[in-house]
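Presented below is the structure to which this report refers.
For the numbers below, each heavy atom of this structure counts, side chains included, while hydrogens, waters and symmetry mates do not. Counting begins at 1 with the first residue of the sequence.
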Amino acid sequence: MSNSFNNPLTKLLTTVGSIMLFGNMIYTFLINTEPFLYFRSPLFKIFIYGGAACIMAGAFLLPMILNFFSFTGRKAAPITSGRLVEARVNKWKLLNKKSNNQRVAVELTILPPNRMGYDITHKQELNQTQISKLQNGAMIQVLVSAADPNNIQIQ
């Protein structure tokens, strides 16, 4: 996951917490008895603390945990030996937007000169000039590792 705030569990926890807090406030105004008696009741405390806990877990704690365990920020080792090969861009998608470099997922057809082409999905951080070359059907240069032909780097 590129953005942990878009996680369904995060959205669920913050929504449930907000409903608990606002529902508790609205119920306070709708009851016919003295509101200060309701403030001392266990139900009031459960909804206030439970709602606050759900919002804190959904908005802060869960995204921190998901970001810590996500593998999107880790970079692959650069290719030390390989050769430049033509590749056709079949499809590409922007995964996240940083200030300078942006992470993209690209579906490519690698076209080596001495063998049949093969499809691969590759994720890499690229700058704006490299992203501008990514158009469906465009031919780009990729560096293919000599050890593993599935390990590539967009040039």
Side-chain angles (χ1 to χ4, degrees), residues 1-80 82 87-110 118-138 140 142-145 147-155:
M1 290 160 68
S2 60
N3 188 357
S4 57
F5 289 106
N6 287 334
N7 189 321
L9 188 57
T10 300
K11 291 179 180 179
L12 177 72
L13 281 173
T14 53
T15 303
V16 167
S18 300
I19 290 171
M20 287 174 74
L21 284 177
F22 288 116
N24 200 14
M25 286 188 267
I26 291 169
Y27 181 72
T28 304
F29 291 113
L30 294 179
I31 58 175
N32 292 329
T33 61
E34 183 66 35
F36 293 107
L37 293 176
Y38 177 66
F39 291 153
R40 290 190 212 117
S41 73
L43 188 64
F44 176 79
K45 292 176 183 171
I46 288 171
F47 279 114
I48 288 291
Y49 294 129
C54 284
I55 290 174
M56 293 296 283
F60 300 109
L61 188 63
L62 188 64
M64 286 191 314
I65 292 170
L66 291 175
N67 280 334
F68 181 75
F69 288 111
S70 72
F71 298 105
T72 57
R74 299 183 185 163
K75 297 179 182 176
I79 298 173
T80 55
R88 183 183 326 109
V89 178
N90 297 329
K91 186 176 166 184
W92 68 279
K93 179 181 175 184
L94 205 58
L95 295 178
N96 69 348
K97 296 179 181 180
K98 289 187 179 177
S99 60
N100 214 3
N101 291 338
Q102 297 178 353
R103 190 156 177 83
V104 294
V106 186
E107 292 180 15
L108 299 167
T109 300
I110 309 295
Y118 58 96
D119 292 334
I120 189 171
T121 301
H122 176 67
K123 294 179 183 176
Q124 183 177 337
E125 279 188 6
L126 300 174
N127 60 32
Q128 289 293 332
T129 56
Q130 291 173 315
I131 290 176
S132 65
K133 296 176 188 176
L134 295 179
Q135 296 177 2
N136 293 343
I140 60 171
V142 296
L143 183 64
V144 178
S145 173
D148 181 13
N150 290 330
N151 187 9
I152 66 165
Q153 197 170 12
I154 297 174
Q155 296 297 307

* Assess whether ring-ring contact (aromatic ring centres under 6.0 Å, His included) is satisfied between Y27 and F47, documenting all intermediate values. => CA-CA 11 Å; Y27 181 72; F47 279 114; 8.3 Å; no
* To do: Quick one: do L126 and L134 satisfy side chain to side chain contact (heavy atoms under 4.5 Å, CB included)? Show the steps, please.
  => CA-CA 10 Å; L126 300 174; L134 295 179; 3.7 Å; yes
Nearest non-hydrogen partners of [X] and [Y], listed with the distance:
X    : Y    : result
G51  : M20  : N-CE, 3.6 Å
T121 : E107 : OG1-CG, 3.7 Å
G82  : L143 : C-CD1, 3.8 Å
P63  : A57  : CD-O, 4.0 Å
T14  : A59  : CG2-N, 3.6 Å

Hey, could you give me the [atom1]/[atom2] distance between [X] and [Y], rounded to the nearest 0.5 Å?
X    : Y    : atom1 : atom2 : answer
E125 : I154 : CD    : CD1   : 12.0 Å
I120 : N150 : CD1   : CG    : 4.5 Å
L13  : L62  : CG    : CG    : 6.5 Å
L30  : I26  : CG    : CD1   : 7.0 Å
Q153 : H122 : CD    : NE2   : 7.0 Å
K133 : I140 : NZ    : CD1   : 9.0 Å

* **Identified side chain to side chain contact (heavy atoms under 4.5 Å, CB included) partner of Y118 from the options T109, L108, I110** =>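 Going through T109, L108, I110 one by one, the side chain to side chain contact (heavy atoms under 4.5 Å, CB included) with Y118 is satisfied by I110 alone.
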* Minimum side-chain heavy-atom gap Q102-L94 below 4.5 Å ->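 SC-SC contact between Q102 and L94 confirmed.
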* Validation row: I55, F60 side chains within 4.5 angstrom (heavy atoms) -> no
Flag yes if more than 12 heavy atoms outside [X] fall under 6.0 Å of its [atom1] atom; otherwise flag no.
X   : atom1 : result
F39 : CZ    : yes
M25 : CE    : yes
Y38 : OH    : yes

* side-chain contact (heavy atoms from CB on, under 4.5 Å) partners for I48, two or more places apart -> L21, N24, F44
* Got a sec, which residues hit side-chain hydrogen bond (donor to acceptor under 3.5 Å, both in side chains) with D148, two or more places apart in sequence or on another chain? ->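 Per chain and number, D148 pairs via side-chain hydrogen bond (donor to acceptor under 3.5 Å, both in side chains) with no residue.
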